[in-house]
Structure formats: structure tokens, C-alpha cells
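Single-structure report; data block below.
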Amino acid sequence: MLDPIVGLHHVTAIASDPQRNLDFYTDLLGLRFVKRTVNFDDPGTYHLYFGDDSGTPGTILTFFPWPNATRGSMGVGETSATAFLVPKDSLLYWQQRLLQAGVPVEHGDLRFGDAVLRFSDPDGMRLELIGREMSAAERAPRTSNVPREHSIRGFSGVTLCEAGFEGTASVLTKMGFTQSAQEGNRYRFSAPGSALGSHVDILVQTQLMYGRMGAGSVHHIAFRAPDEESQLRWREEIKSLSLNVTPVLDRTYFHSIYFREPGGVLFEIATDPPGFTWDEPIESLGESLKLPAWYESKRNVIEGVLPAIALPHLREGRT
Ligand code: ZN
């Protein structure tokens with residue numbers, strides 16, 4: 001029996017300047033910097049992780065910042081927007097906060113009854129805040145200067161830009177999602193339950209060309225598996241769909257399998273454990289560079305190559 005997939009685990013995107021990326025997501029959006037590590041396949045590049053106070057699955061946004069990356073171009077076969085949840089009454093606060101920081105915002109049409117505020121990060125990554133009735137944040141980042149009542153709770157979901165939807169829909173359905181709504185060319189698929197990141201929307205845009213990856217592009221989206229046994233069962237299930245799926249890879253903070261869905265978007269299934277407090281205490285998450293054991297002997301070289309970055313709340317003497 002397969003455990004249901006309850007929603008997104010993380011979203012991983014490409015950035016350019018790491019300090020600008022860090023400042024935007026911590027100082028402006030109020031996420032917590034939960035891990036400072038390197039791209040395990042390219043250890044001269046950072047892998048920066050942001051999330052709620054502890055980096056709970058469903059709140060984690062991660063970046064590979066390549067300082068000289070050129071911007072990607074949007075097209076089909078990729079994730080075209082990443083949406084966070086905020087309380088409905090906080091949208092005005094966020095509009096003012098973003099505008100004061102010089103970030104243009106745009107009000108989208110109501111989407112399945114929810115208000116949508118759209119904006120982009122400094123690399124052009126498309127972000128959305130979805131306003132919904134909700135109670136106070138339980139795990140608001142301790143480092144944030146965003147008032148707790150307005151804090152970003154985690155993901156609402158993602159939008160996949162696709163040339164069609166049947167192939168992608170059949171994979172999502174196998175993964176336990178059901179088509180829950182449709183508005184025009186937007187098809188909503190929802191996981192059972194009410195976990196963060198339980199929506200995947202397919203936006204069918206037949207007129208667009210394939211996108212090109214670069215700064216501002218989402219590299220892949222990851223779904224949650226509760227443990228390694230469940231992940232292995234999902235691996236067999238994905239293989240049975242005649243999709244190529246990687247072996248299980250050790251990402252230190254979770255284990256991962258990857259496969260490309262028929263529309264072209266790279267999917268991952270990642271385990272909830274062990275999480276980000278596995279190798280440092282929750283109080284000081286993100287403050288020092290963490291390397292997997294196999295890179296520790298090269299720490300001096302790696303630290304010499306990586307650009308220096310500083311956490312805004314420490315730089316400014318906040319607690
Ligand atoms: Zn990933």
C-alpha cells in the first residue's frame with residue numbers, strides 16, 4: 001500500500017548573486033535561512049535553503065546561486081510560478097512592504113476564490129502570495145522582522161506551464177492528486193488532506209516555446225515521502241509508468257529520487273527526515289557552512305572559492 005503524497009517538500013530554483021538572493025528571502029520575505037551548504041554535484045557553488053523556523057517540508061525554497069548566470073526564459077515544460085500562503089488580511093501589508101522595497105506587485109484575478117499578489121525576485125523568479133483565512137503562524141522564523149501575524153506560512157502550490165495536460169495529469173493522478181477545479185486553461189490538482197503545498201496547477205499554454213533554464217528559473221519541484229520505505233515504493237510505482245527514475249540519492253537533509261514528468265518538468269520525491277537540525281542546532285541554523293562528510297577534507301578549498309555571504313539579522317545586530 002502506497003502512502004499518499006500530501007504535497008510539496010521543496011522547490012529548487014536558480015539565482016545569480018547569492019547575497020542578493022539571501023537578502024531578498026530573509027530580510028524582505030522573512031523566511032529563515034535554514035541551511036548554508038554547497039551544490040553536492042558542483043561544490044564550488046552554494047546551495048541555500050530557506051523555510052519556516054526549522055525548514056519544515058512544505059515551506060522549503062532552495063537556490064543554486066551562480067553569480068554569473070544569465071536569466072532563463074519562460075516557456076513550456078517548467079514551473080512558471082511558486083505560490084506562498086499568507087493570511088488573507090495580510091495581503092495589504094505585503095503589498096505595502098514589497099512596494100516600499102521597490103518590488104513591483106500585481107494583483108491577479110481571483111484564483112479558485114483566493115486573492116493573488118504577484119511579484120518577482122531579483123532574478124526574475126515569479127512568486128505569488130495567496131491570501132486565505134488562517135490562524136496565527138506556529139513556526140514563524142525567529143530571525144524575521146516580519147510581524148508574526150503576517151508571516152509566510154509555506155507553499156500554497158506551484159503552477160506548471162505545459163503544452164498540454166493529459167500526460168502530466170496522469171502522473172499526478174498516479175501520485176494521488178485529483179483534479180479538483182478548472183478555470184479557463186488552468187487545471188488544479190490537489191493532494192488529499194490540507195498539508196502545505198498541496199496544489200499543483202497545470203496552465204496550458206500551447207502557443208509558448210520551451211523555456212530555457214537560467215537565473216530565475218525553477219530547476220525542479222520535490223514532493224514529500226514520509227520515510228525511505230515509502231520512497232522506495234514510490235520509486236517502483238514511477239518505474240511502472242515507464243518513466244526513468246534515478247536511484248535514491250543522499251542529500252544529507254533528505255533522500256531523493258528524480259524523474260521527468262511527460263510535460264518536461266523535473267520532479268523529485270524527497271523524504272521528510274532527517275531534516276535541517278540533523279547537523280546543527282535550531283538556534284544557529286544557516287550561520288556556518290555545512291558540508292557533507294565526503295567534502296570535509298576539501299573545506300579550505302571550497303571556502304576559498306565560495307563568495308562571502310552574511311546573514312542580514314546578524315549583520316545588523318538584530319537578535
Ligand atoms: Zn530537490
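Computation of the quantities below employed the complete heavy-atom set of this structure, encompassing side-chain atoms and omitting hydrogens, waters and symmetry-equivalent molecules. We count ligands from 1, going down the list as the structure has it; atoms in each ligand are counted the same way. Counting from 1, the numbers follow the sequence of the chain as shown.
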Side-chain (R299) to main-chain (L289) donor-acceptor, under 3.5 angstrom
yes

Distance-only polar pair, side chains of T26 and H313, donor-acceptor under 3.5 Å:
no

D123 vs R20, test: salt bridge (charged side-chain N to carboxylate O under 4.0 Å, His left out). Steps then yes/no.
CA-CA 9 Å; D123 289 302; R20 189 175 65 168; 2.9 Å; yes

With 2.8 Å as the limit, jot down which protein N, O or S atoms are around the Zn ion (ligand 1).
H10 NE2, H220 NE2, E268 OE1

Derivation of the side chain to side chain donor-acceptor pair (under 3.5 Å) call for Q19 and D23:
CA-CA 6 Å; Q19 184 67 58; D23 288 350; 2.9 Å; yes

Just say parallel, tilted or perpendicular for the rings of H220 and Y258, cut-offs at 30° and 60°.
perpendicular

What residues, two or more places apart in sequence or in another chain, satisfy salt bridge (Lys or Arg N to Asp or Glu O under 4.0 Å) together with R132?
D114

